[in-house]
Undergrad: 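One structure is given below, represented as structure tokens, and several questions about it will come after.
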Amino acid sequence: MNILIINSGSSSIKYQLLNMPSAQIICAGIIERIGSIDAISSFTSNDHKIERTCTINNHREGLERITELLLDSEKGVIESTDNIDAIGHRVVHGGSTYTKTTLINDDVKKSIKKLSPLAPLHNPANLVGIEMAEAIFKNAQQVAVFDTAFHGTIPVKAKQYAIPLPLYDEKGVQAYGFHGTSHKYVSEKANAYLNNQKTNLIAIHLGNGCSITAIKNGKSIDHSMGFAPSNGLIMGTRSGDIDHSIIFYMVDNLGYSLSEINELLNKKSGMLGLTGYNDLRDIESQASNGNQKCMLALEMNAYRIKKYIGAYTAAMNGLDAIIFTAGIGENSSLMRKLVCQDMSHFNIVLDDAKNDLRAATIREVNTIDSKVKILVVPTNEELEIAQQVYQLLT
Ligand code: AMP
């Protein structure tokens, strides 16, 4: 079965074509900076690599460009759009209704639209991706894989906020959780590695967005992102946890509007707000050259993660392994070191030499004596989506 995975973001479309169940990647690529005259389109297959700068005005044109590349008579990988059997769409917000991978129909599309106010940067773009794919790949089955789905098992005591009950009961104000596809994938890999399904795991996804999940016996039971993907850990441009009184103070005394604060907390805060840099590689290199702001920001970032590890160990009454994943979690030995140092009370002891080694597969970076395993697990959201689509359709 040829499954095309589409991850439609606010200004980008990532795609990957996989043959299932072999999980062979036929091609992969990304269109970035949609809406500009210098959008970048990249496409990689076994035999070809194409990168081009071109004008792509909207997602419709983006998906048309992807289709052209897939069908290209010389460098393409399929002969007809009918060669695509199914399309797996990453959809960020499925609310409390969609806790499973779902075949898309009109009702599902209406729900994704209705949930857009809860994920304004993502759900509208996801919906455009679905509608375009339906128009182009007419014979393919369209499936939605929701980022929130894995967190459907979080108990009410963890997902409800202590605000008047009707907001939860009637208006859907609650913690939903995000990055679910990644947390599910890496925790299953970790359980397979540990050869044990009855585990207490903490998965730490550190990429452009960052989140942490407590996973007991394979199920998410608590998670750092909440109502929207802005709560919790310090991220590239997002603040993570702050005291909400700051918002009222900024409105009442500092002359900010609510939309300015929204923009500030989501796009100008986090590591960018603290250091002037968003990419962790720049921050690490500045810190190593003595930039104190960058060093402090790294320490703040690690300190926040440590606090969540403590809280989630308490929530699960135990801990077998912590998992580092995504761009920072997989690649930054410094961030892993800062998080794991002085954690011997929790039986978390990092092996510095193992931590400094690089590898593209799952690996253990704790000392032999460390009771808690420290695992680096490369995430693969596309493969997880393809597996879920394949399972649903077969
Ligand atoms: P992701 O969202 O998973 O693609 O992660 C993107 C982030 O990973 C980038 O913003 C970088 O900060 C970070 N990153 C990627 N490679 C490295 C590296 N070698 N060292 C430190 N951080 C990295």
Side-chain angles (χ1 to χ4, degrees), residues 5 7-16 28-33 40 42 44 90 92 119 121-122 125 147 178-187 189 203-213 224-225 229-230 232-240 266-289 291 293-295 297-302 304-305 323-340 350 352 354-363 365 375-385:
I5 309 303
N7 181 353
S8 202
S10 51
S11 64
S12 68
I13 307 174
K14 274 193 212 162
Y15 62 98
Q16 200 172 98
I30 182 166
I31 305 230
E32 292 171 281
R33 293 198 219 153
I40 302 165
S42 75
T44 308
R90 176 193 179 206
V92 165
L121 293 180
H122 296 99
D147 263 21
F178 299 88
H179 291 147
T181 310
S182 174
H183 287 291
K184 179 173 186 291
Y185 180 83
V186 296
S187 59
K189 285 274 170 208
I204 312 170
H205 177 111
L206 303 176
N208 282 322
C210 301
S211 68
I212 179 163
T213 305
S224 60
M225 285 174 161
S230 48
L233 304 182
I234 298 175
M235 311 182 211
T237 63
R238 287 170 257 175
S239 66
N266 281 298
K267 300 204 175 141
K268 297 180 182 163
S269 296
M271 299 304 270
L272 179 68
L274 292 170
T275 67
Y277 301 95
N278 173 3
D279 194 302
L280 201 87
R281 285 164 286 202
D282 297 329
I283 297 168
E284 286 187 356
S285 121
Q286 286 290 325
S288 68
N289 289 327
N291 182 324
K293 279 187 209 156
C294 288
M295 198 55 235
L298 290 168
E299 282 169 7
M300 286 172 67
N301 198 325
R304 181 85 54 92
I305 299 170
I323 302 164
F324 286 95
T325 194
I328 297 168
E330 290 167 34
N331 295 303
S332 172
S333 53
L334 176 64
M335 186 53 79
R336 292 193 297 265
K337 188 175 168 144
L338 291 172
V339 170
C340 295
L350 191 77
D352 285 328
K354 285 188 202 162
N355 185 43
D356 285 340
L357 293 175
R358 296 179 74 86
T361 51
I362 185 165
R363 67 190 197 277
V365 296
L375 304 176
V376 180
V377 185
T379 193
N380 191 337
E381 287 166 282
E382 287 76 18
L383 177 57
E384 176 62 35
I385 292 173

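Whatever order the structure lists ligands and atoms in, that order sets their numbers, starting from 1. Residue numbers run from 1 in the order of the sequence given. Predicted model, so just to flag it, every value in this text is computed and none were measured.
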Undergrad: Any N or O on L280 sitting closer than 3.5 Å to an N or O of ligand 1?
TA: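 Between L280 and ligand 1, an N or O pair is found under 3.5 Å apart.
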Undergrad: How far is atom 20 (N) of ligand 1 from its nearest protein heavy atom, and which residue and atom is that?
TA: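 So the nearest neighbour among protein heavy atoms is R281 CG, 3.5 Å.
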Undergrad: Under the side-chain hydrogen bond (donor to acceptor under 3.5 Å, both in side chains) test against R336, which residue among N355, D356, N331 passes?
TA: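 One option only clears the test, and that one is N355.
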Undergrad: Would you say T325's side chain and T379's backbone share a donor-acceptor pair under 3.5 angstrom?
TA: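 Yes, the answer is positive, given that a donor and an acceptor are paired below the 3.5 Å cut-off.
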Undergrad: Counting both backbone and side chain atoms, is some N or O of S332 under 3.5 Å from an N or O of ligand 1?
TA: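 No - when backbone and side-chain N and O of S332 are compared with those of ligand 1, no distance drops under 3.5 Å.
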Undergrad: Are E284 and S332 linked by a side-chain donor-acceptor pair shorter than 3.5 Å?
TA: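 Yes, because at least one side-chain N or O of E284 sits under 3.5 Å from a partner of the opposite role on S332.
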Undergrad: To the nearest 0.1 Å, how far is atom 13 (C) of ligand 1 from its closest protein heavy atom, and which atom is that?
TA: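 Ranked first by proximity to atom 13 (C) of ligand 1 is I328 CG1, 3.4 Å.
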Undergrad: Geometry only, no angles: is G327 polar-contacting ligand 1 at N/O separations under 3.5 Å?
TA: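 By distance alone, the answer is yes.
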Undergrad: Backbone or side chain, does any N or O of D279 fall under 3.5 Å from an N or O of ligand 1?
TA: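 Yes: some nitrogen or oxygen of D279 is under 3.5 Å from one in ligand 1.
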Undergrad: Considering only protein heavy atoms, which is closest to atom 10 (O) of ligand 1, and at what distance to one decimal place?
TA: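 Atom 10 (O) of ligand 1 sits closest to the protein heavy atom N208 OD1, 3.1 Å.
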Undergrad: Taking the side chain from S269 and the backbone from N266, do they hold a donor-acceptor pair closer than 3.5 Å?
TA: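 The answer is no, because no donor-acceptor pair under 3.5 Å joins these two groups.
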Undergrad: Distance-only, no hydrogens or angles: does the R90 side chain make a donor-acceptor pair with backbone N or O of D147 under 3.5 Å?
TA: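 The answer is no, because no donor-acceptor pair under 3.5 Å joins these two groups.
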Undergrad: Starting from atom 19 (N) of ligand 1, what is the nearest protein heavy atom, named by residue and atom, and what distance separates them?
TA: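 Among all protein heavy atoms, the one nearest atom 19 (N) of ligand 1 is N331 CB, 3.4 Å.
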Undergrad: Return the orientation label for the H205 and H179 ring planes: parallel under 30°, perpendicular over 60°, tilted otherwise.
TA: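 Rings of H205 and H179: parallel, as their planes differ by under 30°.
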Undergrad: If you scan the protein for heavy atoms around atom 4 (O) of ligand 1, do you find one that is closer than 4.0 Å?
TA: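 Protein heavy atoms within 4.0 Å of atom 4 (O) of ligand 1 - there are none.
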Undergrad: With atoms numbered from 1 as shown, which atoms in ligand 1 lie under 4.0 angstrom from a non-hydrogen atom of G207?
TA: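 Close to G207: 1 (P), 2 (O), 3 (O), 5 (O).
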Undergrad: Any donor and acceptor pair, going by atom type alone, linking the side chain of T275 with main-chain N or O of K293 inside 3.5 Å?
TA: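 No: the side chain of T275 does not pair with the backbone of K293.
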